[in-house]
Amino acid sequence: MTEMLKKNTRTSITVQLKQGKEIKHNFSLDIDTHLSDPGVVGIFGESGSGKTTFLRSFAGLLKLPSAVISFNDEVWQNDQIFVPTHKRSIGYVFQEDGLLPHLTVQQNLDYAVRRKRKVSMEGLYKKVVSILNIESLLSALPDQLSGGERQRVSIARSLLQQPRILLMDEPLASLDEKRKREILPYLERVSKQFVIPILYVSHSVEEIARLADYVLVFKQGRIVEEGSPNSVFAKENPFIGLSDEVGVVLDGVISAWDEIWELSTVSTDCGDLLIPKAGTVVGTTIRVRILAKDVSLMETPESKSSILNQLSADVLELSRDQNTAMSLVNLRVKSAHLVARISRKSIDQLKIAPGKSLWVQIKAAAVLN
Amino acid sequence: MTEMLKKNTRTSITVQLKQGKEIKHNFSLDIDTHLSDPGVVGIFGESGSGKTTFLRSFAGLLKLPSAVISFNDEVWQNDQIFVPTHKRSIGYVFQEDGLLPHLTVQQNLDYAVRRKRKVSMEGLYKKVVSILNIESLLSALPDQLSGGERQRVSIARSLLQQPRILLMDEPLASLDEKRKREILPYLERVSKQFVIPILYVSHSVEEIARLADYVLVFKQGRIVEEGSPNSVFAKENPFIGLSDEVGVVLDGVISAWDEIWELSTVSTDCGDLLIPKAGTVVGTTIRVRILAKDVSLMETPESKSSILNQLSADVLELSRDQNTAMSLVNLRVKSAHLVARISRKSIDQLKIAPGKSLWVQIKAAAVLN
Amino acid sequence: AVASNFGMPMKQIVAEFEKRTGNIVNLSLGSSGRFVAQIVNGAPFSAFFSADQSNPQALENAGLVIDGTRFTYAIGRLVLWSSKIHFIDGNGEKLVRGDYATLAFANPRVAPYGIAAEEVLKRLNVTKGTNHVWVNGENVAQTYQFISTKNVDLGFVSLSQIISDGEVKNGSSWLVPQSLYKPILQDAVILKRSEDIETTRQLMLFMKSGYVRNKIEEYGYFKP
Amino acid sequence: MLTPENMAAIKLSLELAACVTLILLIFGTPLAWWLARSESSWTAPVGAVVALPLVLPPTVLGFYLLLAMGPSGYLGQLTATLGLGTLPFTFSGLVVGSCLYSLPFVVQPIQIAFQSIGNRPLEIAAILGASPIDRFITVALPLAKPGFLTATILGFAHTIGEFGVVLMIGGNIPNETRVVSVQMYDHVEALAYDQAHPLAAAMVLLSFLTLLVLYFYQKVRGRAKTNFGVSI
Amino acid sequence: MLTPENMAAIKLSLELAACVTLILLIFGTPLAWWLARSESSWTAPVGAVVALPLVLPPTVLGFYLLLAMGPSGYLGQLTATLGLGTLPFTFSGLVVGSCLYSLPFVVQPIQIAFQSIGNRPLEIAAILGASPIDRFITVALPLAKPGFLTATILGFAHTIGEFGVVLMIGGNIPNETRVVSVQMYDHVEALAYDQAHPLAAAMVLLSFLTLLVLYFYQKVRGRAKTNFGVSI
Ligand SMILES: Nc1ncnc2c1ncn2[C@@H]1O[C@H](COP(=O)(O)OP(=O)(O)OP(=O)(O)O)[C@@H](O)[C@H]1O
Ligand SMILES: Nc1ncnc2c1ncn2[C@@H]1O[C@H](COP(=O)(O)OP(=O)(O)OP(=O)(O)O)[C@@H](O)[C@H]1O
Ligand SMILES: [Mg+2]
Ligand SMILES: [Mg+2]
């Protein structure tokens with residue numbers, strides 16, 4: 001959130017949706033949010049919580065009465081105004097069925113390219129097609145594609161639009177991990193480099209933690225939680241309810257590269273971390289995610305262990321975990337926070353309590369980037 | 001694979017698909033597999049590798065020339081025979097668009113119930129509807145549902161069919177983690193209890209490791225790897241290519257329950273593991289998954305650590321990891337194997353080599369079940 | 001089966017016949033050519049009142065007619081008519097002058113009044129001069145409609161169409177002298193298919209009665 | 001306002017149109033299904049044949065039907081040997097003729113509707129254990145409903161209004177083959193406008209109301225499906 | 001085999017049908033679009049009106065058109081003041097009359113095809129920056145192609161075969177309004193079967209071949225889409 005967003009000083013989003021009467025049992029919409037310089041907004045929420053409805057209203061595909069939507073300095077919808085979808089300059093990756101069925105893949109891409117306002121960036125087409133690995137599909141019709149192939153074409157097309165804002169509804173849901181890892185960093189770069197905000201719906205905490213500068217958590221048509229990924233994911237969250245995914249996100253800079261062991265040293269607010277091949281160019285900024293379940297605590301540092309990262313830490317507080325056998329330990333490590341997920345038995349054995357000084361172990365392999 | 005499958009002594013599946021000429025650049029089908037007592041078969045493979053095509057052929061929705069398909073003692077397709085889909089007694093959760101668009105949710109379910117051959121199990125309907133949490137959706141039409149809601153209805157319907165075999169194409173892809181965790185164990189129980197094999201396509205190693213008795217890995221229309229989850233996931237797999245997901249699956253029995261700390265002791269082939277609240281009933285069998293990245297190695301056991309599980313182990317061999325900074329260490333722990341993912345630097349520091357005896361540390365929190 | 005141009009008088013005649021004899025007669029109106037095709041293919045008509053002579057003749061030749069029953073029941077009268085008053089001055093001058101935009105008459109290929117009209121034009125030597133303004137109706141009824149809706153300035157129709165109570169009430173007309181065209185003899189026959197030949201004979205007899213002959217004249221035909 | 005004769009003709013027309021539409025829906029539906037979904041290379045010629053009667057003027061078509069169904073025609077000999085007599089100049093004959101002429105108006109809309117269903121719903125039904133005939137009835141038919149509505153309207157209206165074929169093979173026999181279109185034709189031919197006008201007005205009004213109800217019903221049904229917000 | 005007169009009539013018919021079909025496609029398409037997608041409550045009555053000319057026998061419809069388009073009719077006065085003269089007995093008049101009568105056969109199939117497109121493709125196009133008219137042309141039209149094929153076939157064939165309206169407002173003028181349907185009708189009425197038979201045969205053959213080519217083309221195009229294995 002901090003450093004990167006300073007660059008995006010021009011974007012802002014306001015959305016107010018209110019559906020007076022219940023649409024159906026247990027579902028009515030009531031959303032009121034204002035985001036300035038949002039970067040990538042991760043949207044998280046259980047099935048049926050209104051994420052798609054939110055995106056559709058924002059895109060002008062659904063005209064909810066008495067909604068107020070604005071983007072940057074433009075009002076897209078209020079009582080008097082309704083800017084139609086095709087004038088909003090939005091890229092949208094639909095949750096399903098996102099391709100024009102009568103056009104081949106190539107024609108689908110061209111359809112978007114031909115209708116955009118900006119001049120095409122040189123080489124963009126080639127680059128997008130190759131990153132999404134769809135070269136061999138260009139002449140196929142949508143119903144000759146597999147589920148994941150369709151999704152990739154859809155993503156490629158939204159990128160070629162070079163829109164002012166990108167809406168993505170579970171864009172990577174039916175892709176294999178390998179592809180995800182190729183596409184995610186690219187999306188990140190697109191957003192940062194061209195100052196394009198992305199509203200990114202996903203059920204994967206990993207994707208959102210990796211990508212998002214800001215997180216919205218939906219439940220039954222309402223935003224029940226919002227903030228930086230750290231503030232949302234660093235605690236047991238009743239709205240997410242996944243103790244396995246509790247963790248912190250740290251932004252860091254590569255400060256050294258050990259060629260022999262192929263380890264990068266990443267300087268973060270909680271000190272230097274050794275991470276296998278996180279990057280070789282000193283000075284690059286990267287984001288790392290440290291899950292609470294991957295952090296263990298010791299009274300003294302251990303030298304005869306395979307764990308490379310050992311940091312001294314102070315216990316700030318203990319909090320409950322959804323699994324009552326476990327506890328979350330909130331730690332201060334230098335100027336940053338870490339969270340560890342520890343069995344209550346160990347808490348007792350190690351006599352962990354607020355104020356106590358400890359050593360933190362983080363396996364290099366467990367650091368996600 | 002071992003114990004549970006002994007119950008399912010009556011099922012067997014043979015599929016041979018061969019598409020002589022290339023269907024398109026880089027894709028032709030060539031599958032030849034025979035599974036006896038398969039239980040849950042996890043099907044894994046990158047986007048466009050032919051998973052859906054495989055399921056469709058098996059279901060008789062696609063009639064590939066010169067295919068041979070048989071289920072148990074029945075031939076479903078060969079040169080002479082082609083059993084039409086509606087006579088195969090198959091449940092199928094489609095990757096997308098799985099509902100009859102003109103019928104409400106309730107009518108979709110009833111459509112299936114009314115056409116099945118068996119007498120309905122008492123209470124099944126209620127149970128399925130409640131586990132998939134679709135009570136409030138019963139009167140909605142499919143296009144009034146969210147993506148995840150549609151998928152849940154689809155799963156529910158396939159279960160209500162009480163088919164002889166279930167095909168599921170990324171059934172949980174657009175569901176939130178919480179829902180996944182509610183549904184997965186139920187699927188597992190359905191398969192075991194009623195001896196219904198499941199062909200389960202997913203991109204999530206976690207889901208497949210959790211559920212599958214047998215794994216098929218697809219690539220470009222071929223099965224490039226198959227075997228038990230352990231044999232497929234316990235090594236760096238070029239076809240999966242996810243070093244993060246390397247790990248072993250252990251079947252164990254709960255041998256003790258510590259009420260104070262709420263820890264279950266699970267007896268596995270590699271000894272007793274303490275796992276938070278894995279189950280309270282002594283004697284239940286459970287499956288645990290230990291990822292290589294969650295295993296660390298030490299020369300001596302450490303008492304002042306929060307890590308509960310420390311086991312003595314012998315190094316069997318070292319193997320490469322996709323990330324060249326890391327190595328996979330294959331270990332024998334009692335009669336079982338474990339895999340640890342360690343930086344090469346640590347390998348050097350701890351002088352790890354085949355034959356060396358070490359201590360293995362596994363955080364309780366990291367054990368997946 | 002009755003040719004449409006004789007529909008109006010025939011309805012009255014039949015009503016009278018039914019009143020007098022208690023027999024029921026069902027009328028079917030239509031074009032003579034179609035009736036021939038239908039009768040040849042087994043239509044259950046008892047009698048056929050054609051608008052010409054050649055159609056009954058054709059049936060007779062085909063052996064579908066009871067021998068000796070053919071007779072002329074009416075003779076049609078051709079009239080040049082316009083729905084505009086004073087457009088025609090009771091003589092053929094207007095026709096010869098040619099100061100009109102369109103001239104309608106029935107299609108000579110299928111309608112006897114069309115043949116007659118063509119003959120009149122030929123006799124008056126105006127065929128060449130007027131043929132670019134010809135409009136053909138499929139039959140006299142259609143020709144009448146063309147004129148009555150003022151889409152056509154003038155045209156040849158049957159007197160029976162424009163007469164009511166013995167006089168022409170609408171527009172202006174010229175009753176074409178019989179000398180300019182061959183008489184339009186309308187013949188009737190009794191068909192072998194007839195289910196009740198006796199009643200049919202009675203009707204034919206009635207057609208020759210004085211009552212009917214007056215009726216026919218009243219409707220603008222010559223008595224045979 | 002309408003004479004008993006006119007009423008009888010209207011009644012006969014409605015009966016004829018109802019019969020014809022019903023028969024065409026019954027036989028046209030499987031034909032449309034086959035045309036829409038069969039892979040056979042016969043679909044193109046058969047499809048062309050279905051539309052063919054259209055290019056002949058109705059009376060001419062009627063004339064050929066008369067020839068075929070008459071005592072010396074193939075069809076006539078067939079019906080005669082079957083003990084059915086010959087068809088011309090009977091109500092049954094009208095039904096046969098009108099069916100032939102209105103066939104494309106019923107088959108074609110249903111065919112388009114079937115084509116646009118796509119495979120997926122049928123695949124789902126097959127998986128759920130529905131046999132081909134079951135799938136056809138429970139999935140294809142309901143999904144093709146708009147096509148059936150159009151087919152019914154076009155077929156019915158066209159049969160009501162058609163008079164060329166009917167005139168030729170019907171012979172204008174009261175209560176048997178004198179339908180309202182023929183009656184109106186007669187009135188106009190006989191210059192009996194005072195009879196033609198009210199009859200035409202009645203027919204137009206009756207049809208308008210019927211169509212209005214049909215369309216309105218369809219609209220309401222369609223709208224009930226999207227009750228969530230307002231779509232663009 | 002065919003006399004020059006017959007050839008001229010065929011030529012005129014083809015011209016008329018081409019004109020009428022073209023005009024109906026041009027004006028019928030937006031109408032069908034509006035009927036298919038508008039939320040307006042006017043769609044039901046307008047839809048009903050479109051199908052209405054069907055229920056009147058063609059000659060009767062033709063008679064009313066003759067009244068309306070004549071010098072004392074509303075339409076006639078309109079065309080007269082516009083300096084167009086009156087329409088009956090001209091080729092333009094035939095075109096107008098046939099358009100009216102063939103309208104539902106063109107509008108209805110297109111309407112069903114539009115209805116079955118669904119919202120999604122249009123939503124996608126809007127997102128990609130296509131304006132409503134752009135979406136209509138680049139998405140709705142191509143997706144409704146089978147409907148257009150049917151509309152063209154029905155509209156064209158029906159105009160070729162129709163003769164009631166044409167007879168009434170045409171006046172059987174050679175090279176102007178004597179189309180082949182009227183010509184054939186005349187032959188049959190005049191019992192000139194030796195002329196009617198070859199003409200009918202020629203028309204049927206010509207139409208059959210045209211339709212066959214159309215259907216075959218459609219079939220081949222459709223099949224190219226699913227080249228993967230063999231579907232059930
Ligand atoms: N109807 C078709 N015609 C031609 N090629 C097809 C057709 N359907 C699928 N294919 C191709 O066959 C290959 C396998 O497709 P399939 O749907 O089986 O992949 P998949 O493994 O299910 O992928 P995903 O994970 O993306 O769903 C793909 O390359 C796809 O493009
Ligand atoms: N057209 C509609 N008519 C009525 N209700 C609808 C309609 N579309 C969606 N809903 C309901 O609105 C709620 C929110 O749907 P939405 O699609 O926004 O959920 P979502 O958060 O995207 O869920 P998922 O993760 O499953 O895609 C759901 O309860 C859904 O059933
Ligand atoms: Mg959604
Ligand atoms: Mg797939």
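In what follows, chains are A, B, ... by sequence order, proteins preceding strands, each numbered from 1. Here the structure is a predicted model, which is why all the values come from computation and not from measurement.
- Proximity to chain D (any heavy atom under 4.5 Å) is shown, for E/Val213, by neither the backbone nor the side chain.
- E/Val204 touches chain D through backbone and side chain together, each having a heavy atom under 4.5 Å away.
- For chain E, no part of D/Val166 is nearby; none of its heavy atoms comes within less than 4.5 Å.
- Contacts between E/Tyr193 and chain D at a heavy-atom distance below 4.5 Å involve the side chain alone, from C-beta outward.
- Contact annotation for E/Phe63: only side-chain heavy atoms (C-beta onward) come within less than 4.5 Å of a heavy atom of chain D.
- Both the backbone and the side chain of D/Phe208 have a heavy atom closer than 4.5 Å to some heavy atom of chain E.
- The contact between D/Ile112 and chain E is made entirely by side chain atoms (from C-beta outward), counting heavy-atom distances below 4.5 Å.
- Heavy atoms of D/Leu214 lying under 4.5 Å from chain E are absent altogether.
- Both the backbone and the side chain of D/Val55 have a heavy atom closer than 4.5 Å to some heavy atom of chain E.
- In summary, of the residues considered (E/Thr29, E/Leu100, E/Val106), a side chain to side chain contact (heavy atoms under 4.5 Å, CB included) with E/Leu24 occurs for E/Val106 alone.
- The contact between D/His197 and chain E is made by backbone and side chain atoms together, counting heavy-atom distances below 4.5 Å.
- There is no contact between D/Phe156 and chain E, counting heavy-atom distances below 4.5 Å.
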